[in-house]
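Both ligands and their constituent atoms are indexed starting at 1 by order of listing.
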Amino acid sequence: MRAWSAPEVPVLPVVGPSVRLHDTASGGPVEVGGPETASLYVCGITPYDATHIGHANTYVAFDLLNRAWRNAGLTVSYAQNVTDVDDPLLERATTVGVDWRELALRETELFRQDMEALRVLPPDDYTGAVESIPLVVALIQRLEDAGAVYRVDDDLYFSVAADDAFGAESNLTREQMLQIFPERGGDPDRPGKKDPLDPLVWRAERPGEPSWDSPWGKGRPGWHIECAAIAREHLGAGFTVQGGGSDLVFPHHEMCAAHAHVVEPGVPFARAYAHAGMVAYDGEKMSKSKGNLVFVSALRNAEIDPMAIRLVLLRHHYRDDWEWTDDLLFDAVDTIAQWRQALSLGRGAPAAPVVERVLAAIADDLDAPGAVAAVQDWVDATLGVAGHLADTSDPAAAAQVSAVLDAALGLSL
Ligand code: ZN
């Protein structure tokens, strides 16, 4: 599948520090990537509706990681999926009366445009579930060979008991897992399952639903096996970081890891697992079911500068949960105008310290608020000395600050 187009990113004259990230599995900071390469898998959208701020928050967070690695001189491999066949997509297509393929194409294209507007670097491999069905079938066959798959009626389930490390990604207790599982697509009460937590890997054809041939009859993939198959195909076993929103910690990322562990015992699915916080609006987490969504495309249609949207996201640490408000956006619009004014002077307060502070902040668990504060200090100093710039300031400052704003934070001003 075609990804979106890549923005031009300036190459900085200095090399950024190595990157540390909070790892959900170990519960603390770990150094990720290097010495020469790094690889990233971020779970993509199910294209049944437009990109909302919660999605944008996740993809911008991992865009900071991608940029930090590149600024540290690493070659990055980045893969992302599109779940272009799944229950929510089929349900939505039926509700609005369009073909599910048409809906998926339309919403995926809108997502590409939103990502381009927000200057998110595209993945190297952007892969749909439908085009990955042969990969999924091959992975289920390997799980079956390992004795980790069983039938319930005509559907196939994965046995979580087959993975000795099951639970090590989320660190949840079994009681917590049992509580969360049905809230996030699981079916613990289905009769015939060996363990209530076992996830579906192949759903046999149902009347009126799309299906594909497999050794087990016509059907379609489960969600976890889809990501496990795509990540392993494009990044290999033991890639650097598995990323997504914190609502994917369990069951999604735990199950992806479990599938991979069974086919390649002793090799971790990913070296680290990183999760972005949830964004609320009107007092509750943004979600389709609550109907409290703020769409990136709607803001763009209202002629809001995408760089202001991006700055609102950067002002929150990626692991925090926070609430979107219109005031945050208005503030960011004002700040962007002030920063552009400072950059337009050409000369400014010395650039080297701000460049160093921005790179160090992002390399330290993607501390975007720290990086934004460093830029604000430079802007304040530059505007404060504007009256006698010619004598006291660095003539190349604005160009250098512009470059780090773009390369590290994705803000092109
Ligand atoms: Zn995924």
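Checked for salt-bridge contact, R190 and D198 miss the test: no charged N lies under 4.0 Å from a carboxylate O. Under the 4.0 Å criterion applied to side-chain N and carboxylate O atoms, E209 and K218 are not assigned as salt-bridge partners. Taking a cutoff of 4.0 Å between a charged side-chain nitrogen and a carboxylate oxygen, D367 and R357 do not qualify as a salt bridge.
Among residue pairs with one or both ends in residues 58-93, those qualifying as ring pair (Phe, Tyr, Trp, His ring centres under 6.0 Å) are Y59-F111; sequence neighbours excluded.
Around the Zn ion (ligand 1), the protein atoms of type N, O or S that sit closer than 2.8 Å are C43 SG, C227 SG, H252 NE2.
Remark: E356 CD is loosely packed, at most 12 non-hydrogen atoms of other residues, nucleotides or ligands lying under 6.0 Å away. Atom CD of E183 sits in a crowded spot, with more than 12 heavy atoms from other residues, nucleotides or ligands closer than 6.0 Å.
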